[in-house]
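The structure under discussion appears below in the form of structure tokens.
Position 1 is the first residue of the sequence; numbering continues from there. All ligand and atom numbering here is 1-based and tracks the order in the structure. Side-chain atoms are counted along with the backbone in the values below, which use heavy atoms only and exclude waters and symmetry mates.
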Amino acid sequence: MDLHDSEEEAEFRKEVSGFIADEAPKAGQGWGEAGAWFKKLAAKGWIAPNWPAEYGGAGLNVMKQFVLNEEMALRRAPRPGHLVIGLGMGGPTIINHGTEEQKKEFLPSIIKDLDIWCQGFSEPESGSDLASIKTKAVRDGDDWVINGSKIWTSFAHQAVWMIMIARTDADAPKHRGMSYFVLDMKSPGITVRPITDMGGGKLFNEVFFDNVRVPAKNMVGEENRGWYVATTTLDHERSAIGNTTGLRQQVDGLIEFAREHVKDHTSSLKTNPMIRYELADRMLETEMARMLSYRVITMQNRGEVPNHEASMLKLYTSELQQRIASTYMHLLGPYGQLGTGSPWAPANGRYGSAYVSAVSATIAGGTSEIQRGIIATRGLGLPKN
Ligand SMILES: Cc1cc2nc3c(=O)[nH]c(=O)nc-3n(C[C@H](O)[C@H](O)[C@H](O)COP(=O)(O)OP(=O)(O)OC[C@H]3O[C@@H](n4cnc5c(N)ncnc54)[C@H](O)[C@@H]3O)c2cc1C
């Protein structure tokens with residue numbers, strides 16, 4: 001594969017880097033500037049670069065997406081991580097399984113309004129064994145009525161829409177008795193209760209449904225076939241989690257930090273020569289992750305849904321995320337443990353928080369054991385037991 005830019009790609013790279021230089025917020029600017037930046041990205045369709053232009057995307061070919069991602073990473077342009085469920089999971093699932101009416105209703109608004117979406121899949125008794133969900137939906141006239149609860153629902157406290165699965169036939173085999181819905185989070189009967197994570201973050205929630213009505217037209221795919229729609233969402237989720245540009249940004253930041261702080265006590269580069277090897281390994285691994293991500297993006301551009309390929313990417317990048325976090329700690333030494341609020345915390349405690357939050361990377365979106373199972377069975381063709 002020739003990874004050098006063609007003339008057209010080089011031209012596009014110039015356009016992207018110029019746009020980032022002119023429009024992206026500079027280091028130290030606040031979230032308000034980032035919001036304005038996301039709107040500018042959305043206006044160009046670059047917030048959903050592979051979506052068809054008719055739904056507000058940019059319809060970029062795979063090479064131009066690589067260029068866009070690379071430039072965003074190299075120039076440290078902020079990424080809209082809080083929009084990932086709409087842009088990276090719900091939207092692509094609607095593109096794959098939705099009706100034309102659903103595409104027209106939901107896709108342009110994900111991009112134009114920058115709505116936050118959430119994903120109601122996991123339940124207190126159903127995580128890895130997702131097909132065992134108990135939340136149910138019963139048909140009543142033009143609506144379905146939902147009762148039950150979800151847990152670990154990231155962004156539910158801010159979300160405008162939820163993609164969710166509910167049991168619609170209690171007597172059918174578990175994979176064949178559930179349906180997939182897009183639910184308005186303002187619907188009466190929804191209660192959202194935040195959960196604080198071990199790092200003090202308030203990302204995820206419990207969500208309770210008490211006779212919540214969702215119009216039948218908001219069912220995505222066929223009745224009782226929601227499992228197959230949900231697995232498409234999970235494949236897209238694993239592809240999105242595996243977005244390697246953020247990892248590249250982190251490793252670049254770490255190398256810069258090591259160089260800049262070589263004379264003060266916050267970088268152990270001088271006293272611990274092994275750090276050089278670690279940084280070299282992390283850079284090499286980020287490049288490998290990039291190759292896995294190229295494969296996934298190439299498949300998505302062909303209209304295919306990556307499956308075990310997405311699991312490989314998710315598994316590799318989530319474990320890499322944890323190795324990068326360990327390298328932070330080895331480089332920063334005792335200073336790495338200082339959190340936000342400490343006057344001695346390098347980079348305002350960013351590295352300490354990233355170390356704590358990296359723990360969840362191998363759980364969210366399906367655990368590493370589940371990804372290895374998918375790779376073994378669907379990728380390598382090995383029997384299940
Ligand atoms: C940061 C974060 C954000 C999240 N956001 C969301 C969200 O927005 N929406 C949502 O629906 N969910 C979300 N989740 C939930 C996540 O999908 C589940 O935590 C995950 O699927 C694991 O399920 P569980 O927690 O019930 O663990 P369990 O399924 O109970 O697993 C416990 C342990 O057993 C292992 N195990 C289970 N089954 C097998 C098996 N068959 N083979 C081998 N090992 C196995 C697991 O690997 C794990 O180590 C989030 C989780 C995290 C950490």
Side-chain angles (χ1 to χ4, degrees), residues 81-91 93 115-135 146 148-167 174-175 178 180-183 185 190 192-209 226-227 229-242 246 308 310-311 314-315 317-319 321-322 325 353-379 382-385:
H82 60 302
L83 302 178
V84 67
I85 295 174
L87 286 168
M89 296 155 59
T93 303
D115 283 342
I116 295 179
W117 285 47
C118 66
Q119 175 198 25
F121 280 19
S122 305
E123 296 184 5
E125 303 292 325
S126 308
S128 301
D129 182 16
L130 188 59
S132 68
I133 55 155
K134 293 195 181 65
T135 291
I146 299 177
S149 69
K150 299 286 173 182
I151 194 166
W152 316 124
T153 321
S154 308
F155 306 111
H157 57 304
Q158 300 166 315
V160 179
W161 296 100
M162 170 190 272
I163 41 172
M164 60 102 61
I165 40 175
R167 190 148 299 286
K174 61 181 183 177
H175 291 89
M178 67 175 80
Y180 190 108
F181 298 95
V182 179
L183 181 64
M185 286 297 283
I190 298 181
V192 176
R193 202 156 68 193
I195 304 174
T196 305
D197 68 30
M198 72 180 194
K202 292 187 189 326
L203 172 76
F204 42 45
N205 304 267
E206 288 175 284
V207 183
F208 301 91
F209 306 95
W227 174 254
V229 185
T231 52
T232 299
T233 302
L234 291 173
D235 288 334
H236 285 303
E237 175 173 20
R238 288 160 190 163
S239 306
I241 288 176
H308 66 272
S311 290
K314 194 270 167 176
L315 174 66
T317 52
S318 56
E319 293 187 349
Q321 176 75 59
Q322 292 175 349
S353 324
Y355 180 74
V356 175
S357 65
V359 173
S360 68
T362 48
I363 303 172
T367 64
S368 289
E369 288 76 20
I370 295 303
Q371 307 315 317
R372 288 196 165 87
I374 293 172
I375 297 164
T377 51
R378 293 187 219 153
L382 298 170
K384 272 199 169 157
N385 291 307

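- Near Phe204, the atoms of ligand 1 lying under 4.0 angstrom from a non-hydrogen atom of the residue are 1 (C), 2 (C), 3 (C), 52 (C).
- Nearest residue to atom 37 (C) of ligand 1 from Ser357, Ser128, Ser368 is Ser128 (criterion: closest heavy atom).
- Contact check for Leu203 versus His157: no side-chain heavy atoms found under the 4.5 Å cut-off.
- In the vicinity of Ser360, heavy-atom distances shorter than 4.0 Å reach the ligand 1 atoms 1 (C), 53 (C).
- The shortest heavy-atom contact between Cys118 and Ser154 is CB-O, 3.2 Å.
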Evaluate the side chain to side chain contact (heavy atoms under 4.5 Å, CB included) criterion for residues Ile163 and Phe181: first the C-alpha distance (whole Å), next the side-chain angles of each, then the deciding distance (0.1 Å), finally the verdict. CA-CA 6 Å; Ile163 41 172; Phe181 298 95; over 6 Å; no
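- Among Asn205, Ile370, Ile133, the residue whose heavy atom sits closest to atom 40 (C) of ligand 1 is Ile370.
- Listed by atom number, the atoms of ligand 1 under 4.0 Å from Phe121 heavy atoms are 11 (O).
- Between Glu319 and Arg372, at least one side-chain nitrogen of the basic residue sits less than 4.0 Å from a carboxylate oxygen of the acidic one, meeting the salt-bridge criterion.
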Decide yes or no on side chain to side chain contact (heavy atoms under 4.5 Å, CB included) for Ile165 and Lys150, but give the supporting numbers first. CA-CA 10 Å; Ile165 40 175; Lys150 299 286 173 182; 4.1 Å; yes
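- Between Trp161 and Trp117, the ring-plane angle classifies as tilted under the 30° and 60° cut-offs.
- If you check which protein heavy atom lies closest to atom 19 (O) of ligand 1, you get Ile363 CG2, 3.5 Å.
- With hydrogens left out, the protein atom closest to atom 9 (N) of ligand 1 is Gln119 O, 2.8 Å, a heavy atom.
- Counting the atoms of ligand 1 from 1 in the order shown, those under 4.0 Å from a heavy atom of Ser154 are 3 (C), 4 (C), 5 (N), 6 (C), 7 (C), 8 (O).
- The protein heavy-atom contact nearest to atom 25 (O) of ligand 1 is Trp152 NE1, 4.1 Å.
- The nearest pair of heavy atoms linking Ser132 to Glu125 is OG-O, 3.9 Å.
- Ranking protein heavy atoms by distance to atom 52 (C) of ligand 1, first place goes to Ala364 CB, 3.6 Å.
- Here the shortest heavy-atom pairing between Ile133 and Arg167 reads O-NE, 2.9 Å.
- Close approach of ligand 1 to Gly127 is summarised as follows: ligand atoms under 4.0 Å from at least one heavy atom of the residue are 21 (O), 23 (O), 24 (P), 26 (O), 29 (O).
- Among protein heavy atoms, atom 18 (C) of ligand 1 sits closest to Ser122 OG, 4.0 Å.
- The pair Lys202-Asp197 does not meet the salt-bridge criterion, since no charged nitrogen lies less than 4.0 angstrom from a carboxylate oxygen.
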Stepwise side chain to side chain donor-acceptor pair (under 3.5 Å) test for Ser149 and Glu206: CA-CA 7 Å; Ser149 69; Glu206 288 175 284; over 6 Å; no
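- The presence of a protein heavy atom under 4.0 Å from atom 32 (C) of ligand 1 is ruled out.
- For atom 48 (C) of ligand 1, the nearest non-hydrogen atom from the set Ile85, Thr367, Leu203 belongs to Thr367.
- Checking atom 35 (C) of ligand 1 against the protein gives no heavy-atom contact under 4.0 Å.
- Comparing heavy-atom distances from atom 47 (O) of ligand 1 across Glu237, Glu369, Glu125 singles out Glu369 as nearest.
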